[in-house]
Student: 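The structure follows.
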Amino acid sequence: MRLSRSLIPTLKEIPAEAQIVSHRLMLRAGMVRQTASGIYAWLPAGLRVLQKISAIVRQEQNAAGVQELLMPTIQSADLWRESGRYDVYGKEMLRITDRHERELLYGPTNEEMITALVRDSVKTYRDLPQSLYHIQWKFRDEGRPRFGVLRGREFLMKDAYSFDLDYEGAVLSYRRMMLAYMRTFQRLGVRAIPMVADTGPIGGDLSHEFHVLAPTGESQVFYDSAFEDLDLNSANLDYENPDDMAAFFQRATNIYAATDEKHDSEAWAKIPADRKREGRGIEVGQIFYFGPKYSQAMGFSLAGPDGSKIIPEMGSYGIGVSRLVGAIIEASHDDAGIIWPDAVAPFSVALLNLKPGDAACDAMCEDIYRQFGDDILYDDRSERAGAKFAEADLMGHPWQIIVGPRGAAAGMVELKRRASGERFELPRAAALAKLQPGAA
RNA sequence: CGGAGCGUAGCGCAGCCUGGUAGCGCAUCAGUCUGGGGGACUGGGGGUCGUGGGUUCGAAUCCCGCCGCUCCGACCA
């Protein structure tokens, strides 16, 4: 994309309404604009991040055998009366009445809807297990929206739901999802640690929150640094093999990690001092086994092979996609701006033409731009070099290709790595080769 | 939901107390110089002062209502 033709309205000054760094940077980098309290429009650069995160989430869900569907944002109040939650859910639920005085709501979550859909579609126990997800906008009418997209009212979420015939099956679904989540976060380039979470009346150990570590996090978290060495992408684990899943789950949950609510000082004391890690976390995902809670309430049962009645065991699994954008920035920025992990940057590369109008600069930039495809932002404006550097750093592209008149005449470009600040003077072809996917 | 603020040009703000024809910085437009870390100079454009009412000869300024946004706390992902 050419910056001269893009709607990426960067700001030099900090908007008064933004208090925390991710909110400020998202506004300043031209990614989002607030349109009402806690509701944001995603401008082109912000949308690209949302789409890159979504794509990775989608790939990992699909890889774990979860099927994608798309449920609506608007739901019927009657559906929620089936589970009894319509009257229980508080003011966070946005209730709407249509022209026929029918009661509707903007969905804050989809347990009821998915349960009804599966209930009405599944005919026999042979149709289970099922696991399904969608990536959809949700609305929770927070009393006090703040922190930009970290605590907005409208937010994009991946939510998945599993249906199994028995507890063992539900446990397997849960473990699969935990692995999928850890792989997802690893690919996104953020460290997210699964923390033991409150399971409420269900009990057991089948609820985890995933926290991204950032100084502005809302929770105090404690964990064993052994998590930092857990590489799950290279581990040869088969989602379909229960033994693999059990072994993985054992490994992951043996390492201590908890938020302050669930912090166990006895267990903490046993961890070697040099492995203790303590800090703040932003919750970006949660996985939860809740058994037959909704299937029972909503009359979802099947005849088993021996004729007995089976009430499916369920779980639900969320990833806050829009929230992740803020969380990643909280975890990865400096005074100059955002430092995007490679996988989620709106553009992997910024191409800075330091002297538009200079024949050598223009020719080289146009050539690079043409070769690179969609994932590059070409700063072709007639701004001063300093302004281009400042904006590129602000927007946080992982790489900058800097083309100046001196270098261009000699066929050289400068490559700058945003995260480290390293610069390399390279021939044009070598620079491009270095940036090809996988070459890094 | 309790408490506290704010709303004046695209953004950040002053002006309000003590009423008298609306200002600064940045951005923007034109031109000149400049040209590797948000440059300089000259000249221009842009505002129903959130909104409705009231007081007054006269309201951005004083009074009342409403709307919007923000902060602290409670709640929440």
Side-chain angles (χ1 to χ4, degrees), chain A residues 7 9-20 23-24 27-30 33-40 89-94 107-109 137-159 192 195 197-198 207-212 217-219 259 261 281-288 316-327 334-337 350 352-358 361 379 381-395 400-408 412-414 416 418 421 423 425:
Chain A
L7 185 70
T10 56
L11 303 171
K12 192 146 68 165
E13 292 179 84
I14 300 168
E17 78 261 24
Q19 301 302 311
I20 63 165
H23 191 194
R24 291 175 169 185
L27 290 167
R28 288 193 54 214
R33 286 294 183 264
Q34 179 167 288
T35 59
S37 180
I39 301 177
Y40 292 84
Y89 218 101
K91 293 183 176 174
E92 279 73 32
M93 180 185 278
L94 179 63
T109 178
W137 292 93
K138 306 279 190 297
F139 196 93
R140 289 183 196 166
D141 195 1
E142 291 291 337
R144 191 181 161 209
R146 59 186 134 169
F147 306 147
V149 299
L150 287 179
R151 178 100 179 261
R153 294 196 291 170
E154 188 182 50
F155 55 98
L156 186 61
M157 185 169 170
K158 186 286 302 183
D159 43 321
M195 309 267 172
D198 205 345
S207 179
H208 288 82
E209 294 174 355
F210 290 76
H211 285 261
V212 166
E218 70 259 324
S219 320
T259 60
E261 296 98 5
I282 301 170
E283 189 185 339
V284 292
Q286 125 283 320
I287 55 178
F288 196 70
S316 73
Y317 317 89
I319 291 179
V321 175
S322 53
R323 180 170 235 229
L324 262 167
V325 180
D334 62 15
D335 290 343
L352 308 188
N353 185 345
L354 294 193
K355 193 167 185 183
D358 177 271
C361 284
D379 192 343
R381 303 168 307 162
S382 57
E383 291 291 333
R384 300 179 63 83
K388 295 191 179 194
F389 290 132
E391 284 197 26
D393 286 349
L394 171 63
M395 288 189 259
Q400 296 170 18
I401 300 176
I402 300 162
V403 177
R406 244 190 356 260
M412 302 288 280
V413 302
E414 191 176 318
K416 177 183 164 183
R418 175 66 177 89
R423 291 155 181 272
E425 192 102 24

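Each chain gets a letter, A, B and so on, in the order the sequences are listed, and its residues count up from 1.
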Student: Return the value, rounded to whole Å, for the distance between atom CZ of A:Arg146 and atom P of B:rG68.
Tutor: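 My rounded result for the distance is 19 Å.
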Student: Considering every strand shown, what is the Watson-Crick or G-U wobble mate of B:rU56 when both distances are under 3.5 Å?
Tutor: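 Pair assignment: B:rU56 / none.
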Student: Side-chain atoms of residues 387-395 of chain A: list all donor-acceptor pairs with protein atoms under 3.5 Å, sequence neighbours left out, distances to 0.1 Å.
Tutor:
| residue | atom | partner | partner atom | Å |
| --- | --- | --- | --- | --- |
| A:Lys388 | NZ | A:Asn353 | O | 2.6 |
| A:Lys388 | NZ | A:Asp379 | O | 3.2 |
| A:Lys388 | NZ | A:Arg381 | O | 2.5 |
| A:Glu391 | OE1 | A:Thr10 | OG1 | 3.2 |
| A:Glu391 | OE2 | A:Thr10 | OG1 | 3.3 |
| A:Asp393 | OD1 | A:Gln400 | NE2 | 2.7 |
| A:Asp393 | OD1 | A:Lys416 | NZ | 3.1 |
| A:Asp393 | OD2 | A:Lys416 | NZ | 3.4 |

Student: Is there a Watson-Crick or G-U wobble partner for B:rU28 with both distances under 3.5 Å, and which nucleotide is it?
Tutor: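 The base-pairing partner of B:rU28, which may sit in any strand shown, is B:rG44.
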Student: Could you run down the sub-3.5 Å N/O contacts of the protein with nucleotides 33-35 of chain B?
Tutor:
| residue | atom | partner | partner atom | Å |
| --- | --- | --- | --- | --- |
| B:rU34 | O2 | A:Arg384 | NH1 | 2.5 |

Student: Under the criterion side-chain contact (heavy atoms from CB on, under 4.5 Å), I'd like the reasoning laid out for A:Arg28 against A:Ile14: C-alpha separation, chi angles, the key distance, then a yes or no.
Tutor: CA-CA 7 Å; A:Arg28 288 193 54 214; A:Ile14 300 168; 4.1 Å; yes
Student: Closer to the 5' end of RNA chain B via nearest nucleotide, is it A:Phe389 or A:Gln286?
Tutor: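 Nearest nucleotide further toward 5': that of A:Phe389.
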Student: So, is A:Lys12 near the phosphate of B:rA27, with a side-chain N or O under 4.0 Å from OP1 or OP2?
Tutor: yes
Student: Roughly, in whole Å, what's the span from CG in A:Leu27 to C1' in B:rC69?
Tutor: 13 Å
Student: Quote, to the nearest angstrom, the C1' distance that separates B:rU56 from B:rC41.
Tutor: 47 Å
Student: In whole Å, I'd like the distance from the CZ atom of A:Arg144 to the P atom of B:rU70.
Tutor: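 Atom CZ in A:Arg144 sits about 9 Å away from atom P in B:rU70.
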Student: What integer distance in Å separates A:Gln19:CD from B:rC6:C1'?
Tutor: 12 Å
Student: Under a 3.5 Å cut-off for both contacts, is B:rC75 paired Watson-Crick or G-U wobble with anything, and if yes, with which nucleotide?
Tutor: none
Student: So what does A:Glu414 hit on the nucleic acid, given a heavy-atom distance under 4.0 Å: a base, only sugar-phosphate, or nothing?
Tutor: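 Contact class for A:Glu414: base.
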Student: May I ask you to verify if any side-chain N or O of A:Gln34 is less than 4.0 angstrom from the OP1 or OP2 atom of B:rU70?
Tutor: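 Result: yes.
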Student: I'd like to know if A:Arg418 and A:Asp334 make a salt bridge, using a cut-off of under 4.0 Å between side-chain N and carboxylate O.
Tutor: yes
Student: Which base sits across from B:rU51 as a Watson-Crick or G-U pair, both distances under 3.5 Å?
Tutor: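 Across any shown strand, B:rU51 pairs with B:rG65.
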Student: Using both distances under 3.5 Å as the test, list the Watson-Crick or G-U wobble partner of B:rC16, or none.
Tutor: none
Student: Checking only heavy atoms, does the side chain of A:Arg151 share a donor-acceptor pair with the base of B:rC76 at less than 3.5 Å?
Tutor: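 For A:Arg151, whose side chain was compared with the base of B:rC76, there is a donor-acceptor pair (under 3.5 Å).
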Student: Taking atom CZ of A:Arg406 as the centre, does the number of heavy atoms from other residues, nucleotides or ligands within less than 6.0 Å exceed 12?
Tutor: no
Student: Can you tell me the pairing partner of B:rU70 across any strand shown, Watson-Crick or G-U wobble, with both distances under 3.5 angstrom?
Tutor: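 Paired with B:rU70, as far as the under-3.5 Å criterion goes, is B:rA4.
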Student: Name the pairing partner of B:rA22, where a pair is Watson-Crick or G-U wobble with both distances under 3.5 Å, or state none.
Tutor: none
Student: Send over the distance from A:Trp137 CH2 to B:rA77 C1', rounded to a whole Å.
Tutor: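 Nearest whole value for this atom pair: 15 Å.
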Student: Which is true for A:Glu391 with a 4.0 Å heavy-atom rule: it touches a base, it touches only sugar-phosphate, or it touches nothing?
Tutor: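 Since a base atom lies under 4.0 Å of A:Glu391, the category is base.
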Student: List every contact pair, protein side and nucleotides 8-12 of chain B side both N or O, where the distance is under 3.5 Å.
Tutor:
| residue | atom | partner | partner atom | Å |
| --- | --- | --- | --- | --- |
| B:rC11 | O2 | A:Glu13 | OE2 | 3.2 |
| B:rG12 | OP1 | A:Ala16 | N | 3.0 |

Student: CG of A:Asp358 versus C1' of B:rG36: gap in Å, rounded?
Tutor: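 My rounded result for the distance is 13 Å.
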Student: Hey, does A:Ala36 reach any base, or is it just sugar-phosphate, or nothing, if we go heavy atoms under 4.0 Å?
Tutor: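 Sugar-phosphate contact only.
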Student: Using only side-chain N and O atoms of A:Ser37, determine if any of them is under 4.0 Å from OP1 or OP2 of B:rU70.
Tutor: yes
Student: Output the rounded distance in Å from CD (A:Glu142) to C1' (B:rC71).
Tutor: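 Atom-to-atom, A:Glu142 to B:rC71, this comes out as 16 Å.
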